[in-house]
Engineer: 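Take a look at the following structure, please.
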Amino acid sequence: MNQVVIYTDGACKGNPGPGGWGALLQAGAAQKELFGGELGTTNNRMELMAVIQALSALKRPCDVVLYLDSQYVRKGITEWIHGWKAKGWVTASKEPVKNVELWKQLDALVQGSGHRIDWRWVKGHAGDPGNERADALANKGVELALKNG
């Protein structure tokens with residue numbers, strides 16, 4: 001399996017507000033940068049979109065080390081999702097899961113892609129070069145959303 005390192009990040013100017021997502025994918029010497037954004041979104045939605053878009057960009061099953069600074073996404077996909085699915089997409093407090101359509105999309109990617117994913121949390125804005133680049137890409141996504149209105 002191809003080895004891929006991915007860094008993802010989301011950004012939002014206001015929460016909700018205009019937001020962006022960014023992803024840096026590295027496989028050997030090859031590198032790919034992805035970003036996008038939307039108006040009237042939240043930081044958590046953008047964090048999820050960054051991971052969804054990064055994993056969607058992989059064309060075959062890969063051995064992935066995925067760095068993200070969102071505990072919401074990391075814990076959501078590795079811990080909480082099992083209970084949400086078992087309870088019909090409601091939380092422990094009987095509330096509907098927020099961003100359920102994105103969680104379902106991410107779950108389908110994780111379960112159906114054949115990827116082996118090592119989810120690694122990294123502290124945001126702490127000088128990690130991959131995380132800093134993903135953050136810069138997410139901010140480009142915000143600019144794109146604002147420009148395209």
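Every heavy atom of this structure was used, including side-chain atoms; hydrogens, water molecules and symmetry mates were not.
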Engineer: So, for S56 and L109, which heavy atoms are closest and what is the spacing to 0.1 Å?
Structural biologist: OG-CD1, 3.5 Å
Engineer: State the CD-CZ distance between E47 and R74, to the nearest 0.5 angstrom.
Structural biologist: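 If we round to the nearest 0.5 Å, E47:CD and R74:CZ are 13.0 Å apart.
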Engineer: How about V65 and I117: do any of their side-chain heavy atoms sit closer than 4.5 Å?
Structural biologist: no
Engineer: Is it true that I77 and Y67 fall in one hydrophobic cluster, defined by side-chain heavy atoms closer than 4.5 Å?
Structural biologist: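 Different clusters: I77 never reaches Y67 through Ile, Leu, Val, Met, Phe, Trp or Tyr contacts under 4.5 Å.
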Engineer: Indicate yes or no: at least one non-hydrogen side-chain atom of W103 is less than 4.5 angstrom from one of W80.
Structural biologist: no
Engineer: Would a single hydrophobic cluster contain both V5 and L34, if residues Ile, Leu, Val, Met, Phe, Trp and Tyr are joined by side-chain heavy-atom contacts under 4.5 Å?
Structural biologist: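 Different hydrophobic clusters.
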Engineer: Can you name the nearest heavy-atom pair linking A57 to L25, along with the distance?
Structural biologist: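 Closest pair (atom of A57, atom of L25, distance): CB-CD2, 4.2 Å.
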Engineer: My understanding is that a hydrophobic cluster links ILVMFWY residues whose side chain heavy atoms are under 4.5 Å apart, including indirect links. Using that, what else belongs to the cluster containing L146?
Structural biologist: L39, V142
Engineer: Please give me the minimum heavy-atom distance between P61 and G114, naming the atom from each residue.
Structural biologist: CB-O, 3.5 Å
Engineer: May I ask you to decide if the ring planes of W84 and W89 are parallel, tilted or perpendicular, using 30° and 60° as cut-offs?
Structural biologist: tilted
Engineer: Quick one: are R120 and L66 in side-chain contact, heavy atoms under 4.5 Å?
Structural biologist: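 No; the side chains remain at least 4.5 Å from each other.
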Engineer: If we ignore hydrogens and angles and just use 3.5 Å, is the side chain of D128 paired with the main-chain N or O of N131 as donor and acceptor?
Structural biologist: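 Confirmed, D128 side chain pairs with N131 backbone.
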Engineer: Side-chain contact, heavy-atom cut-off 4.5 Å: L106 with I81?
Structural biologist: no
Engineer: Find out if a path of hydrophobic residues (ILVMFWY) with successive side-chain heavy-atom gaps under 4.5 Å connects Y7 to L48.
Structural biologist: no
Engineer: Which heavy atom of G22 sits nearest to which heavy atom of A50, and what is that distance?
Structural biologist: O-CB, 3.5 Å
Engineer: Do I6 and W121 belong to the same hydrophobic cluster, where Ile, Leu, Val, Met, Phe, Trp and Tyr are linked whenever their side-chain heavy atoms lie under 4.5 Å apart, directly or via other members?
Structural biologist: no
Engineer: Surrounding NZ of K98 (heavy atoms of other residues, nucleotides or ligands, distance under 6.0 Å), is the total greater than 12?
Structural biologist: no
Engineer: Please determine if R116 and D118 form a salt bridge, counting it only when a charged side-chain N lies under 4.0 Å from a carboxylate O.
Structural biologist: no
Engineer: Step by step, work out the side-chain contact (heavy atoms from CB on, under 4.5 Å) result for V90 and V97.
Structural biologist: CA-CA 5 Å; V90 294; V97 172; 5.6 Å; no
Engineer: Looking at R133 and D9, is there a salt bridge between them, counting it only when a charged N and a carboxylate O are closer than 4.0 Å?
Structural biologist: no
Engineer: If I compare all heavy atoms of M46 with all of W21, which pair ends up nearest, and what's the gap?
Structural biologist: O-CB, 3.3 Å
Engineer: With a 4.5 Å cut-off on side-chain heavy-atom distances among I, L, V, M, F, W and Y, is there a chain of contacts connecting L68 to L24?
Structural biologist: no
Engineer: With side chain to side chain donor-acceptor pair (under 3.5 Å) as the test, would you mind laying out the steps for N139 and K13 before giving the verdict?
Structural biologist: CA-CA 9 Å; N139 282 298; K13 306 302 177 198; 2.8 Å; yes
Engineer: Could you tell me which non-hydrogen atom of K123 sits nearest to which non-hydrogen atom of D69, and how far apart they are?
Structural biologist: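 What the structure gives for the nearest pair is C-CB, 4.4 Å.
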